[in-house]
**Student:** 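This structure is in structure tokens; I'll ask about it shortly.
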Amino acid sequence: MTHDLSNLHPATRAAQALGHIDRETGAIIPPLHAATTFERDPDLSYSRGISYSRNDGPTQSLLEKMLADLEGATASMTFASGMAATSNVFLALPVGAHVVVPQVMYWGVRKWLLEQHNAGRLSVDFFEPGPTSNIGARIKPGATRLVWIETPSNPTWDVTDIAAAAKIAHDAGARLAVDSTVATPVLTRPLAHGADIVMHSATKYLNGHSDVLAGCLMAAKADEFWMQIRSVRTQLGGVLGPFEAWLLLRGVRTLFVRVRQASASAQAIAARLSKHRNVAAVLYPGLPGHPGHDIAKRQMQGGFGGMLSLRVKGGEAAAVGVAARLKVFVRATSLGGPESLVEHRASIEGAGSPCPPDLLRLSIGLEDVGDLIGDLEQALDGV
Ligand SMILES: *Cc1c(COP(=O)(O)O)cnc(C)c1O
């Protein structure tokens, strides 16, 4: 049983898990089905649509409906991590396919793609941050199968114009996939701007509590390529477990309120720290001086996200010192949880990282914004 929320705001449907009410018990919270295998009919069919949990599961299916709804998608698939979701897209391409991806992007994806390229499994070209024509410059008409963008992108929060990137990809006969982990469907819905596939590390904002590793894909069309990705997922088994799916379903219900709060706090922190004498630069798409601000204003609704970076005057040692003095921010990797995190990216990314050594990445959580500003100011005052 569900009540009909179809004409209402996506925030309403997310908060009510699409209006799900358990048929048998009346429970207003969806159940967790741990079963790995499902009964077959006497005629050997599966009239209930589910056979084995490496294909599908009932808890995952409800979650996938919620995720598809968030992005205005036709279909969604959940995965064991954001990396599993991402790699399954690339593994669904023919061996040797040409792909165009950003120079500045989530480090783990960049590193894996470089290895795929070096092993001859994919032909990968990296485009420079800046105008969308940088993407066009890397396209090989007729050969490029996929353009991958991340916006805003780690850790400088460069913004890519999704509609312009979609046009470039489609004109060349390629698909556009968007890593929208940082924007979240609260602030941007890439499919509405012409993207074909959206990816989220659901480990971050979608779950929002730093306690689930998960990934997902959402598609504008459940076409042949989508079915190929689904077949890779079933064969390699990078599916999401039912307990993680259930927790993620719970996290998604509070997505809108969490993202709106984190964005408002990040905007206030970015504005305040831009004036600090020991800050060389604040990188945040919500600041008018950020190179992606104009595109972000068109493409992002209701805020610019909870992620920002600081470049600290005095270089790497000064930046590491600021992170050491923070008392409210936790020094840890990842993002999108209730607790604010600080990370020195260059040292975690290691050799070959394009990240400047004086950069600290901040994930703004749900604490009182005055406490966060106070903590950052005392740590920066000590430079
Ligand atoms: C964390 C992250 C990933 C990888 O996701 P996992 O869930 O850690 O596998 C990919 N892209 C972005 C932008 C991320 O923040």
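Both ligands and their constituent atoms are indexed starting at 1 by order of listing. Along the sequence shown, residues carry numbers from 1. Both backbone and side-chain heavy atoms feed into the values below; hydrogens, waters and symmetry mates do not.
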**Student:** Strictly under 4.0 angstrom, heavy-atom based: which residues surround ligand 1?
**Tutor:**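 Residue list for ligand 1: S81, G82, M83, Y106, E150, N154, D179, T181, M199, S201, T203, K204, L213, A214, L335.
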**Student:** Could you tell me whether K167 atom NZ has more than 12 heavy atoms of other residues or ligands within 6.0 Å of it?
**Tutor:**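 No, because the 6.0 Å sphere around NZ of K167 holds 12 heavy atoms or fewer from other groups.
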**Student:** When you look at D358 and R311, which way does the salt bridge (charged side-chain N to carboxylate O under 4.0 Å, His left out) test go after all the steps?
**Tutor:** CA-CA 5 Å; D358 60 1; R311 297 191 64 176; 2.9 Å; yes
**Student:** Between F90 and W148, is the ring centre distance below 6.0 Å?
**Tutor:**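 Judged by ring-centre distance (under 6.0 Å), F90 and W148 do meet the cut-off.
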**Student:** Check whether any side-chain heavy atom of F225 sits under 4.5 Å from a side-chain heavy atom of I197, and report yes or no.
**Tutor:**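 A side-chain contact exists here, since the closest heavy-atom pair is under 4.5 Å.
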**Student:** A cation-pi test, strictly: NZ or CZ of R258 under 6.0 Å from the centre of the six-membered ring of Y205 and no more than 45 degrees from its axis. Yes or no?
**Tutor:**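 No cation-pi geometry.
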**Student:** Step through the shown structure and confirm whether more than 12 heavy atoms of other residues, nucleotides or ligands are within 6.0 Å of CG on L32.
**Tutor:**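 Yes - once you tally the heavy atoms of other residues, nucleotides and ligands closer than 6.0 Å, there are more than 12.
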